[in-house]
Amino acid sequence: MARLAQTAGLTEVQQEILATVRDFVDKEIIPVATQLEHKDEYPTQIVEGLKELGLFGLMIPEEYGGLGESLLTYALCVEEIARGWMSVSGIINTHFIVAYMLKQHGTQEQKDTFLPRMALGEVRGAFSMSEPALGSDVSAITSKGVKDGDEYVLNGQKMWLTNGGTSSLVAVLCRSDEGHPEGTAPHKSMTTFLVEKEPGFGEVRPGLTIPGKIDKMGYKGVDTTELVMDGLRIPANRVLGGTTGRGFYQMMDGVEVGRVNVAARGCGVAQRAFELGVSYAQQRHTFGKPIAQHQAIQFKLAEMATKVEAAHAMMVNAARKKDSGERNDLEAGMAKYLASEYCKEVVEDAFRIHGGYGFSKEYEIERLYREAPMLLIGEGTAEIQKMIIGRRLLEEYRFQG
């Protein structure tokens, strides 16, 4: 992989960070990933290693004890980690979405309270928008926060929380009609609440229950859960930013970071699939020669490598656009869409190269084949990305007739 997915213009510090992460992935993640994944076991030792490397504070400003690095650095680290095991990248992704939302939108008291501990990995974040009947229609949220004196009372059921059990801070999006008259657009009557809880399952604080892990086809190890609020009381100072009605915009800002992350995960998984495919093709012999010498396989490898390179370039572009302070929903949508689709295709091609052995759990490609589909729906489906891309293109290329 010496020539694929290289990134021009990195600083020495960025190169050192990536080299350290790559070494950690090769030594600490790849050798144990498949075993832990088959057991659906949380990678505690790997997470402790990430804490020691300072990765939980990678994008948190130095004044709060973090490394103060860019979204690009973070995305490239995620790419490396996903190359080892995609589930591990999910553990830090939701954490960083919450940290980013706090950094961008939190009150000074909220930043001072949470960011230093998040930088150390002592407080780990999760965020929650989706609900059981919601799908991609965020405006149809039914979970509600109602003002009661100096508190808000939250009720409702949320779905698909990555880190739902292991997190200790969850950013939860709810409706909050207080101060927003009837007829207000749904997205203007949503608020993000910062919910502190104990890690674990069951009733993790009065009024808040994490029922248990959802059993998934892939993306194992990391805990994906529901969240049930029944009379959950939250102090008013735990409204993100201190003002109600801003939750939708705060969440969408965080999701743009998340979409770059999902693109980076797609790049990492696709890179690993290419590595496995090109290696196996040189070891497996048919008709008297390695299958890599058959033209059909060479064509397949060429297509796979081109997709890896193209997805990486778009992911880097989206990250750099966000780092520049510019709007990047178009670039993030394109990168997420392309990288997830190409990841699925590259993984399937590597699976085909392995032939019957690809169907065996003894081979790593079997795990990747089950993991890739999650990227097609995480942080918005392909159809949602196309809607975002299409609308932004029409804004940019408005007909002047």
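Worth knowing before you read on, the calculation uses all heavy atoms, side chains too, and leaves out hydrogens, waters and symmetry mates. Numbers here simply count residues along the sequence, with the first being 1.
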- request: Return yes if a side-chain donor-acceptor contact under 3.5 Å exists between His312 and Thr7, otherwise no.
  value: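 Checked: His312/Thr7 side chains pair up, N/O donor to acceptor below 3.5 Å.
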message: Taking the side chain as everything from C-beta on, heavy atoms only, tell me whether Leu330 gets closer than 4.5 Å to Ile389.
response: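 Yes; the side chains approach each other to less than 4.5 Å.
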Any carboxylate oxygen within less than 4.0 angstrom of a Lys/Arg side-chain nitrogen, looking at [X] and [Y]?
X	Y	answer
Arg22	Glu80	yes
Arg272	Glu371	no
Arg352	Glu348	yes
Glu366	Arg370	yes
Lys344	Glu341	yes
Lys336	Asp329	no
Lys386	Glu383	no
Glu109	Arg238	yes
Arg233	Glu151	yes

message: Would you say that more than 12 heavy atoms from the other residues, nucleotides or ligands in this model lie under 6.0 Å from the CD of Glu198, or not?
response: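 Incorrect, the count does not exceed 12.
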query: What is the minimum heavy-atom distance between Phe96 and Leu55, and which atoms define it?
result: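 Closest pair (atom of Phe96, atom of Leu55, distance): CE1-O, 3.0 Å.
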message: If I take atom NZ from residue Lys307 and atom CD from residue Gln271, how far apart are they, to the nearest 0.5 angstrom?
response: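 Atom-to-atom, Lys307:NZ and Gln271:CD are 15.5 Å apart.
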- prompt: What pairs with Phe351 under ring pair (Phe, Tyr, Trp, His ring centres under 6.0 Å), at least two apart in sequence or on another chain?
  reply: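 By the ring pair (Phe, Tyr, Trp, His ring centres under 6.0 Å) rule, Phe351 matches Tyr369.
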- request: Let me see the working for Arg392 and Glu395 under salt bridge (Lys or Arg N to Asp or Glu O under 4.0 Å), right down to the final yes or no.
  value: CA-CA 5 Å; Arg392 286 287 286 116; Glu395 289 178 21; 3.2 Å; yes
query: Among Leu58, Ile97, Ile81, Val47, which one satisfies side chain to side chain contact (heavy atoms under 4.5 Å, CB included) with Ile92?
result: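 With Ile92 as partner, side chain to side chain contact (heavy atoms under 4.5 Å, CB included) holds for just one option, Ile81.
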